[in-house]
Amino acid sequence: MKIGVLGGGAWGTALAQVAARGDTPVKLWAREPEVVESVNSAHENRAFLAGVALSPAIRATNVLDDLDECEALLVVVPAQFLRGVLTQLAVGARPLVLCAKGIEAGTRKLVAEIARELHPQAPVAVLSGPTFAHEVAKGLPTAVTLACEDDGLRNALAERLAGPAFRTYGSSDVTGAEIGGAVKNVLAIACGVVEGAGLGLNARAALIARGFAEMTRFGVARGGRPETLAGLSGLGDLVLTCSSTNSRNFSLGVGLGQGRPAAELLADRRTVAEGAATAPVLREAAAAAGVEMPVTAAVCALLEGAPVDAVVRSLLARPLRGEAV
Ligand SMILES: NC(=O)c1ccc[n+]([C@@H]2O[C@H](COP(=O)([O-])OP(=O)(O)OC[C@H]3O[C@@H](n4cnc5c(N)ncnc54)[C@H](O)[C@@H]3O)[C@@H](O)[C@H]2O)c1
Ligand SMILES: O=P(O)(O)OC[C@H](O)CO
């Protein structure tokens, strides 16, 4: 199966490296001409994945039509830009494997829902899990969820992408796999705030556990399965992203916890922190589904400029409740 990758950020590049194992040719579409130049001439993506030697079998392009020859497309464009790129692409009946993690502002759609709307003929799959791009690109051991409703396609994709250090676990729960990845980005901002404000490790563990509870409530309300949310794409990714400054979402939270405004922190970056865009949409989607998500609401308040101590006080002052509710 000839693979094309849409999106030349850190994760698209790392997935191109996965797909190019054994020097199998892979096409990588990148928006930035300097990324195309750097991948093709130096076999490195200096803008988004500096310091990792890439397979020469990866050929980059910024012409979307160059991906026409590919039999399956890994879609790794950030959620808020995905519609713009997918609209320009002739997909036909080729499988789209969604690898971005977020919810679209305005429509409140998950990325696979955007793909289905724009390309109803194309079967969709979701690849998600605890995956820092640098580690994957360097070949460090990693495991992911590969979700697809079609058993044959799921098995074919899982076989095609798996390797000695990259394990793919199949699931038929596309929605559950997507929701875990989108929600954990918001919760990672909260855990970064705990770090930045010096609130301690007990607070972080509490946020991970209660954040997982709200991720599960929302995921089940949207049709996902609890066991998917407890797997690699949910709990697995939540634990990874909530415990390391390698996470862009966590490090955004650290800045917020230190009292810096969100606008200033986001203006400094070329890389994406999906949780910042997802948080307000998730709050709306949760309200529409009648699901309580207090940690998500707290992250929204912090992004909107509320002082850290006031937000923490109001989270802790909520009426006491049973843990399982
Ligand atoms: N980096 C990781 O470790 C990692 C791992 C798993 C999933 N993801 C997810 O993958 C997705 C892509 O993240 P990334 O880390 O590859 O990105 P990145 O932060 O490395 O790079 C930013 C990306 O955004 C693109 N971009 C910026 N403005 C754009 C526009 N106007 N239109 C289209 N594209 C635009 C850039 O071309 C670039 O590909 C995100 O949803 C992220 O959550 C990232
Ligand atoms: O750096 P982050 O916060 O975007 O997280 C990257 C991946 O999603 C981790 O699985």
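Not measured: the values here are computed from a predicted model. Just follow the structure's listing: the first ligand is 1, and inside any ligand the first atom is 1.
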List every atom of ligand 1 that sits less than 4.0 Å from any heavy atom of [X], numbering the atoms from 1 in the order shown and giving each element.
{"X": "A133", "result": "1 (N), 2 (C), 3 (O)"}
{"X": "V272", "result": "13 (O), 17 (O), 19 (O)"}
{"X": "T271", "result": "19 (O)"}

Part of [X] with heavy atoms under 4.0 Å of ligand 1, whether side chain, backbone, both or neither:
{"X": "R31", "answer": "side chain"}
{"X": "F81", "answer": "side chain"}
{"X": "R248", "answer": "side chain"}

[atom]: which protein heavy atom is closest, and how many Å away?
{"atom": "atom 22 (C) of ligand 1", "result": "F48 CE2, 3.8 Å"}
{"atom": "atom 41 (O) of ligand 1", "result": "E274 OE2, 2.5 Å"}
{"atom": "atom 1 (O) of ligand 2", "result": "R248 NE, 2.6 Å"}
{"atom": "atom 5 (C) of ligand 1", "result": "T131 O, 3.0 Å"}
{"atom": "atom 5 (O) of ligand 2", "result": "K184 NZ, 3.4 Å"}
{"atom": "atom 12 (C) of ligand 1", "result": "V76 O, 3.4 Å"}

Does any N or O atom in F132 lie less than 3.5 angstrom from one in ligand 2, N or O only? no
Which option out of [options] puts a heavy atom nearest to [atom]?
{"atom": "atom 10 (O) of ligand 1", "options": "W11, W29, F132", "result": "W11"}
{"atom": "atom 10 (O) of ligand 2", "options": "D237, N246, V272", "result": "D237"}
{"atom": "atom 24 (O) of ligand 1", "options": "A47, G9, P78, A10", "result": "P78"}

### Message
Between R160 and E71, does the salt bridge (Lys or Arg N to Asp or Glu O under 4.0 Å) criterion hold? Intermediate values first, please.
### Response
CA-CA 12 Å; R160 172 65 183 83; E71 293 157 315; over 6 Å; no
Linked, directly or transitively: [X] and [Y] (ILVMFWY side chains, under 4.5 Å):
{"X": "I189", "Y": "I103", "value": "yes"}
{"X": "M293", "Y": "M215", "value": "yes"}
{"X": "V193", "Y": "L316", "value": "yes"}
{"X": "Y169", "Y": "V97", "value": "no"}
{"X": "I179", "Y": "V239", "value": "yes"}

Examine the proximity of ligand 2 to [X] and report which part, side chain or backbone, both or neither, has a heavy atom under 4.0 Å away.
{"X": "E274", "result": "neither"}
{"X": "T241", "result": "side chain"}
{"X": "P130", "result": "backbone"}

Any nitrogen or oxygen of E32 lying under 3.5 Å from a nitrogen or oxygen in ligand 1? Just yes or no.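 Yes.
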Is A79 in polar range of ligand 1, meaning some N or O pair under 3.5 Å apart?
no
- Sub-4.0 Å heavy-atom approach of G102 to ligand 1: no
message: Any heavy atom of G8 closer to ligand 1 than 4.0 angstrom?
response: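 The answer is yes, since G8 has a heavy atom less than 4.0 Å from ligand 1.
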>> Within the supplied structure, the quantity of interest is the number of heavy atoms (other residues, nucleotides, ligands) at a distance under 6.0 Å from R83 CZ; does it exceed 12?
In response: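 Yes, CZ of R83 has more than 12 neighbouring heavy atoms, counting only those of other groups under 6.0 Å.
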Check: Under a heavy-atom criterion of less than 4.0 Å, does A188 contact ligand 2?
Finding: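 Distance cut 4.0 Å: A188 fails for ligand 2.
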> Does at least one non-hydrogen atom of A273 fall below 4.0 angstrom from an atom of ligand 2?
Replying inline: no
Where ligand 2 meets [X] - atom numbers and elements under 4.0 angstrom, heavy-atom basis:
{"X": "N249", "value": "2 (P), 3 (O), 4 (O)"}
{"X": "K101", "value": "7 (C), 8 (O), 9 (C), 10 (O)"}
{"X": "L240", "value": "9 (C), 10 (O)"}
{"X": "G129", "value": "10 (O)"}

**Q.** R270/E34 under salt bridge (Lys or Arg N to Asp or Glu O under 4.0 Å): CA gap, chis, key distance, verdict
**A.** CA-CA 14 Å; R270 189 176 188 191; E34 69 274 21; 2.5 Å; yes
Let me confirm one number: the [atom1]-[atom2] distance from [X] to [Y], rounded to the nearest 0.5 Å.
{"X": "D151", "Y": "R154", "atom1": "CG", "atom2": "CZ", "value": "4.5 Å"}
{"X": "L240", "Y": "F132", "atom1": "CG", "atom2": "CZ", "value": "4.0 Å"}
{"X": "T168", "Y": "L157", "atom1": "OG1", "atom2": "CG", "value": "9.0 Å"}

- Query: Between S171 (side chain) and D173 (backbone), is there a donor-acceptor pair under 3.5 Å?
  - Reply: yes
Short side-chain to backbone donor-acceptor contact, Q17 and S55, under 3.5 Å: yes
ask   = Passes salt bridge (Lys or Arg N to Asp or Glu O under 4.0 Å), E37 versus R46? Steps please.
value = CA-CA 10 Å; E37 161 65 17; R46 292 195 185 110; over 6 Å; no
- [ ] Kindly indicate, with the supporting measurements, whether the criterion salt bridge (Lys or Arg N to Asp or Glu O under 4.0 Å) is fulfilled by D66 and R59.
- [x] CA-CA 10 Å; D66 287 348; R59 296 301 296 169; over 6 Å; no
**Item:** Note: E292-R217 ion pair, threshold 4.0 Å (strictly below)
**Value:** no
From the list L98, L74, L161, side chain to side chain contact (heavy atoms under 4.5 Å, CB included) partner of L127 resolves to L161
